[in-house]
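In what follows, every chain begins at residue 1, and chains take the letters A, B, ... in the order their sequences are listed.
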Amino acid sequence: MTSQEWAIQTEHLYRRFNDKTAVTDLNLSIARGEIFGFLGPNGSGKSTTIKMLCGLLPPTSGTATVSGVNVVADPEAVRSKIGYMPQKFSLYEDLTVQENLDFYSHLYGVTGKAGHLRKQEVIELVGISRYQRYLAKHLSGGWKQRLALCCALVHEPEIIFLDEPTASMDPVARRELWDLLFSLASAGVTLFVTTHYMDEAERCSSVGYIYNSRLIVSGGPDELKQIRQIVGHNNQRFEVICRPLVKTFNIVKSLDYVEDVTIFGQALHVVTQQGIQAEQLQKDLSASGVSVISQRPIEPSLEDVFVTLTQINIEEERRIAEEQSLSV
Amino acid sequence: MSDTAKKPRWTWDGIRSIFRKELLQLMRDPYLVAFIITLPIIQLVISGLAIQRDLKHIETIVCNYDQRNASYDLLNAFDNSTFFDINDKNYVNSDQAVFQAIRQGRYRVGIIIPPDYSSKILSGSEPAEINVVVDGANASIAKGIVNAASLIVAQESKASLESQMLNPYPSDSSSNSGSTPAAGSISLVTKVLYNPDLMSAYFLIPGILAIIMHMMTILFTSFAIVRERENGTLEQLMVTPIRVADLMIGKVLPYAAIGFLDMILTLIVMVCFFEISISGNFWFLCGASVIFILTSLGIGLLISTTCQSQVQAIQLTMGLLLPSLLISGFVFPLEPMPWFIKIVSYSLPLTYYLEIIRGVVIKGTGFMELWPQTVLLTILAIVLLGASINRFKKQVV
């Protein structure tokens, strides 16, 4: 792929705030038309990255190319090519839906007859027409986000940045917004979405996981489940449905060949060491008086991937810290 | 970078979009608009009334070295007026006691009658002096006291001269001591403690007007931007191609209009309600006021570039305004200030505008005399507005 085919590309992007580094050596390449899910705990550097890519925050060092524009050198040139939906609702609550949209279409120079048509188009796309005359403050959370999307879309941007768009939405509104995002992506718009929801991450065409200012991993959700740190030790994952759940959880945890166990609804997800047979686990559980209803080997979920990677990173940091304290 | 350099620094379209949005928002909140417009007028009326207090029945301390009839006649004249009250307990034996009582704040005014008062009145050879000592800390009250005292002394003096003409033989006066053998004129010597120049309400109200307009304009302009920052709407604006100059000009235009309207309204209140007529050219004052409002807009915008919240904006405005009140010549005259304070004074728009508004309203001076102040005020307006647009970055940190 040539640089023109990437929607977003960063090289050695750093951002420091006084003594704290918010983003460390970020290298990202996102293809056009992708839905890129950007995941990570709060304070890991997600919003800082978005602000740098939108040209709102100058990076400490490194380069970022967004839609073919060097954002570091010329942040103004990228404005008409991108849309941005901040985490917090950032439109005017004392203006109506229509007035907000009119204002933003004016700012983007989407005016005249073509502007009117485009406004109708986004209103229909987002389905907000029946609320056109409502003041923005009277809309529910989901509709506020749709209005924000409307205003971010009005100038037909090539890339849209969405910072936790579904954070305070009910499940139905969440699903509807995602359907909207898919239809945008299929029209060729690149979407950069941060989220905490794993089901949303699973629906992205590629995801990146940032932890403690560093991008730990990025790739398609299926690729990530195959990476060495996750499957490299040849350990196995089982879903065990059993009664009683919590008691079994503690029993499983105490088994010396079990590396990790988590409760998922009515089931346990158990990670065992290499070469441990399914029958071994079943036998040990029955011996402890647990009635195993069913047991089957499973693929790791994205959540498993991120949890494992975070643990590996924490251990790595601890090891480095110990080495440093020893050498001192 | 070369791409942005070619673009104009501002556009009508950009200013118009922001201006229209701002107007829409203001119309959604008519109470706020009414508040912004009436607040300066209310403030001016309240502070104007506070300094225009009625002068009546002021307790007066007296030291009468003379003790003869003529002196008591004069004191009666003071006591009988509505301004002064002299009771038996108000008499002291020495002029030191009078000064001490005023310094301690127990009395606002004292009268000292010298021992030779009666003999001078009777002989008519030279004016009989009396001393009035006034506490000048409250200038308008002190001035009122001095005026009232002069009036009483002038009346008494006239009565005394008339009686001298009716009675051409003052040397015979000792024979008919039962009547009041007043003769000769009385001269009043006033001594004002603390505030010898006696700044009057007349002098203060134009200054108060200037300060109220300065403060209100700074606050409302800084709020206009800071409110957007607080609500997060500024972040959304900054990802659009809007130019900084368009954003700032479009945002402050409605407040500039309100500022000018308020300026005119407060001037009308000053003329009609406080009966302070504008001796000089009204249109020159209006023009200078427009420039002054522009400097206030500039300061407001500068404040908004650094503040994250409206509370911070209020604190910064007050922090800047309070010292500028003290060194702009509003409270204390500029001349005796040390040179380094003067440098600061003459970088404040308030200093120049105070000279202009006082010049035009009180002395009746115009552009011919006040052009240096007007030119410097214009330069300050350009510098402040330019600096605020330059300082404002389309970035968040």
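Under a 4.0 Å N-O distance rule, the pair A:Lys51/A:Asp163 does not qualify as a salt bridge.
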Worksheet item: Given A:Thr166 and A:Glu200, is the side chain to side chain donor-acceptor pair (under 3.5 Å) satisfied, shown in steps?
Response: CA-CA 9 Å; A:Thr166 56; A:Glu200 291 181 359; 2.7 Å; yes
Item to complete: Might you work through the salt bridge (Lys or Arg N to Asp or Glu O under 4.0 Å) test for A:Glu176 and A:Arg146, ending with a clear yes or no?
Response: CA-CA 10 Å; A:Glu176 283 172 353; A:Arg146 282 171 181 234; 2.8 Å; yes
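No more than 12 heavy atoms of other residues, nucleotides or ligands lie within 6.0 Å of OH in A:Tyr134, so this atom counts as exposed by the packing criterion. Counting non-hydrogen atoms of neighbouring residues, nucleotides and ligands closer than 6.0 angstrom, the NE2 atom of A:His196 exceeds 12 such neighbours.
Side-chain contact, A:Glu34 with A:Ser206: a donor N or O sits under 3.5 Å from an acceptor N or O. B:Gln310 and B:Glu230 are linked by a side-chain donor-acceptor pair at a separation below 3.5 angstrom, with hydrogens and angles left out of the test. Side-chain atoms of A:Thr194 and A:Glu164 form no donor-acceptor pair, as typed in the model, at a separation below 3.5 Å. For the residue pair B:Glu235 / A:Ser90, no side-chain donor-acceptor distance below 3.5 Å is found, with atom types taken as modelled.
A:Ser67 places no side-chain N or O within 3.5 Å of a backbone atom of A:Val69 that could act as its donor or acceptor partner. Proximity of a side-chain donor or acceptor of B:Lys251 to a complementary backbone N or O of B:Ala224 within less than 3.5 Å is detected. Judged purely by atom type and a 3.5 angstrom limit, A:Thr21 has no side-chain atom pairing as donor or acceptor with the backbone of A:Thr24. The closest donor-acceptor contact from the side chain of A:Arg15 to the backbone of A:Pro58 lies under 3.5 Å. With hydrogens and angles disregarded, no donor-acceptor distance shorter than 3.5 Å links the side chain of A:Ser129 to the backbone of A:Ile123. At distances below 3.5 Å, not a single donor-acceptor pair connects side-chain atoms of A:Thr65 with backbone N or O atoms of A:Gly68.
Proximity to chain B at a heavy-atom threshold of 4.5 Å picks out A:Tyr92, A:Asp94, A:Leu95, A:Thr96, A:Glu99 from residues 92-99 of chain A, in numerical order. Close approach to chain A, defined as a heavy atom under 4.5 Å from one of its heavy atoms, is seen in B:Ser17, B:Ile18, B:Arg20, B:Lys21, B:Leu24 of residues 15-24 of chain B, taken by number. Inspection of non-hydrogen atoms places no residue of residues 294-306 of chain B under 4.5 Å from chain A. Proximity to chain A among residues 29-44 of chain B is not found for any residue, judged by heavy-atom separations below 4.5 angstrom.
Note: B:Met216 CE to B:Thr266 OG1 = 11.5 Å, rounded to the nearest 0.5 Å.
Neither the backbone nor the side chain of A:Phe161 comes within less than 4.5 Å of any heavy atom of chain B.
The side-chain tip of A:Arg133 does not point at the ring of A:Tyr131 from less than 6.0 angstrom away and within 45° of straight on.
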